[in-house]
J.: 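Once you've had a glance at the structure underneath, I'll fire off some questions.
Atoms within each ligand, like the ligands themselves, are counted from 1 in listed order. Starting from 1, each residue takes its place in the sequence as its number.
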Amino acid sequence: MAIQVPFFRPDIREPEIDEVVASLRSGWLTTGPRVKRFEEEFAAAVGAPHAVAVNSATAALHLAVEALGLKAGEAVLVPTMTFAATAEVVRYLGGHPVLVDCDPVTMNLDLDDARRKLEALRAGRLAARIPADAKPVGIIPVHVGGLMMDVERGRAFAHENGLWVVEDAAHAFPASWRRDSRSPWQRCGENTSAISCFSFYANKTITTGEGGMATTTDAELAQRMRLMSLHGLSHDAWGRYSGGGKWDYRILAPGFKYNLTDLAAAIGIHQLARAEAMRQEREAVARRLLEAFADVEELEVPATDENRIHSWHLFPIRLRLDRLAIDRNAFMEELKERGVGCSVHWRPLHLHPYYEETFGWRAEELPTATRVWETLVSLPIFPSMREAEIEHVVATVRDLCHTHRTAVAREAFARN
Ligand SMILES: *Cc1c(COP(=O)(O)O)cnc(C)c1O
């Protein structure tokens, strides 16, 4: 039978399974001692004093912008090149997401465009229907694929414009950045923003099935997020029921139901212990792919940087459509037919009906994302990817590029 390479395969081992069983046998299923341990160990892993475990990164992002006091009618800069969650949490609180274009190589938020968007907003020059008096209060950058943005430039930009920074770090655990080769490494979540939000969704770098974490250096922000993660009650479930007659809680605010379960944390504790080992396995796969595609003129490989420790959550190639006789969608169809799972990260937000129709975002306002997304294909990358699987991805991609080379490219190739 022909080989099938899935886009992702979670790496779940015996310790995770044993811990889930132990959690079931313990009789404590929801938020309890395993969540507490997961929070402490995750906080230590990123070097943050506070970590609040929740049931998704989306929940973490929502709690983050709530804790920072986002109000209806205020504006928040959000990359257009991201997943739905980054912008929708701004809408939850009635804010206006101001979409920002991306860097054409890293896909990370383009700070020069963020500046242009702020100026356009203030001058009433945005084609998008965002009121000119919407006060910009924050920015939510995403470290796309796990290659961190320049944190220092981001912080300086936010400071100049009086904005808070919440990181959508859904892809960026574990990941680090440094200014240059003489500077110290800083981990994502180690005071890289006011609040960093991580995802433990099934196909993220570590998983709890569904889950997320918000980390911060600010005790008050941590306290607010913890409060709002469980109905705004004065104690969490563990605090309420672990002896001492804590049944008499108080409702301090109309909170949400975002707590993580001990069953999920049981998986997370052991995923966390292997997080760096799994990152290194993905990095080894990435190296193989980078090398194998170095001489393929029909595609561009993802960016790397000696001043980044890349989590390698994704391996997005960019097709050089000027050199190919087929488009991205046809390329992906053929990949799938030949047993290579693949995906696209992402159709930019401004090209989704909701953002187009509600705010009237126009493609011309976000030209790089509009152009580049049509070339994107994310290839399989995951820990314990088998040798035969890596070879199949390499051979299939190389063969598709060769087969669909345009006549012009063929001639150029023949001349050389
Ligand atoms: C996966 C993802 C999220 C949401 O994570 P959940 O844990 O599923 O809520 C948010 N932002 C980005 C960039 C993501 O890729």
J.: For Thr58, is at least one N or O under 3.5 Å away from an N or O on ligand 1?
T.: yes
J.: Per the side chain to side chain contact (heavy atoms under 4.5 Å, CB included) rule, which among Ile140, Val98, Val65 passes with Val76?
T.: Ile140
J.: Are His352 and Trp373 close enough that their ring centers fall under 6.0 Å?
T.: no
J.: Measure up the Phe38 and Phe200 rings against each other and bin them: parallel (under 30°), tilted (30 to 60°), perpendicular (over 60°).
T.: tilted
J.: How far is atom 11 (N) of ligand 1 from its nearest protein heavy atom, and which residue and atom name does that atom have?
T.: Asp168 OD2, 2.7 Å
J.: Which pair of heavy atoms, one from Phe7 and one from Leu379, lies closest together, and at what distance?
T.: CE1-O, 3.6 Å
J.: Parallel, tilted or perpendicular, judged at 30° and 60°: which one describes the rings of His62 and Tyr258?
T.: perpendicular
J.: With atom 12 (C) of ligand 1 as the reference point, say which of Ala169, Ser56, Gly211, Ala170 has the nearest heavy atom.
T.: Ala170
J.: Could you tell me whether the side chain of Asp180 and the main chain of Arg182 form a donor-acceptor pair under 3.5 Å?
T.: yes
J.: Say whether Tyr201, considering both its backbone and side-chain N or O atoms, lies within less than 3.5 Å of an N or O atom on ligand 1.
T.: no
J.: Considering only heavy atoms of Ala85, which atoms of ligand 1 have at least one such atom less than 4.0 Å away?
T.: 10 (C)
J.: Glu210 versus ligand 1: do any nitrogen or oxygen atoms come within less than 3.5 Å of each other?
T.: no
J.: Closer than 4.0 Å to some heavy atom of Val142 - which atoms of ligand 1 meet that?
T.: 13 (C)
J.: Using a strict 4.0 Å cut-off to heavy atoms of Ser199, name the atoms of ligand 1 that fall inside it.
T.: 5 (O), 6 (P), 7 (O)
J.: Could an N or O of ligand 1 be found under 3.5 Å from any N or O of His171, whether backbone or side chain?
T.: yes
J.: Is a side-chain donor or acceptor of Arg91 paired with a backbone partner of Gly95 at a separation under 3.5 angstrom?
T.: yes
J.: Any nitrogen or oxygen of Ala57, side chain or backbone, less than 3.5 Å from one on ligand 1?
T.: yes
J.: Mind telling me whether Phe42 and Phe173 have parallel, tilted or perpendicular rings, with 30° and 60° as the class edges?
T.: tilted
J.: Which protein heavy atom lies closest to atom 14 (C) of ligand 1, and at what distance to 0.1 Å?
T.: Lys204 NZ, 3.2 Å
J.: Is the shortest distance from a heavy atom of His345 to ligand 1 less than 4.0 Å?
T.: no
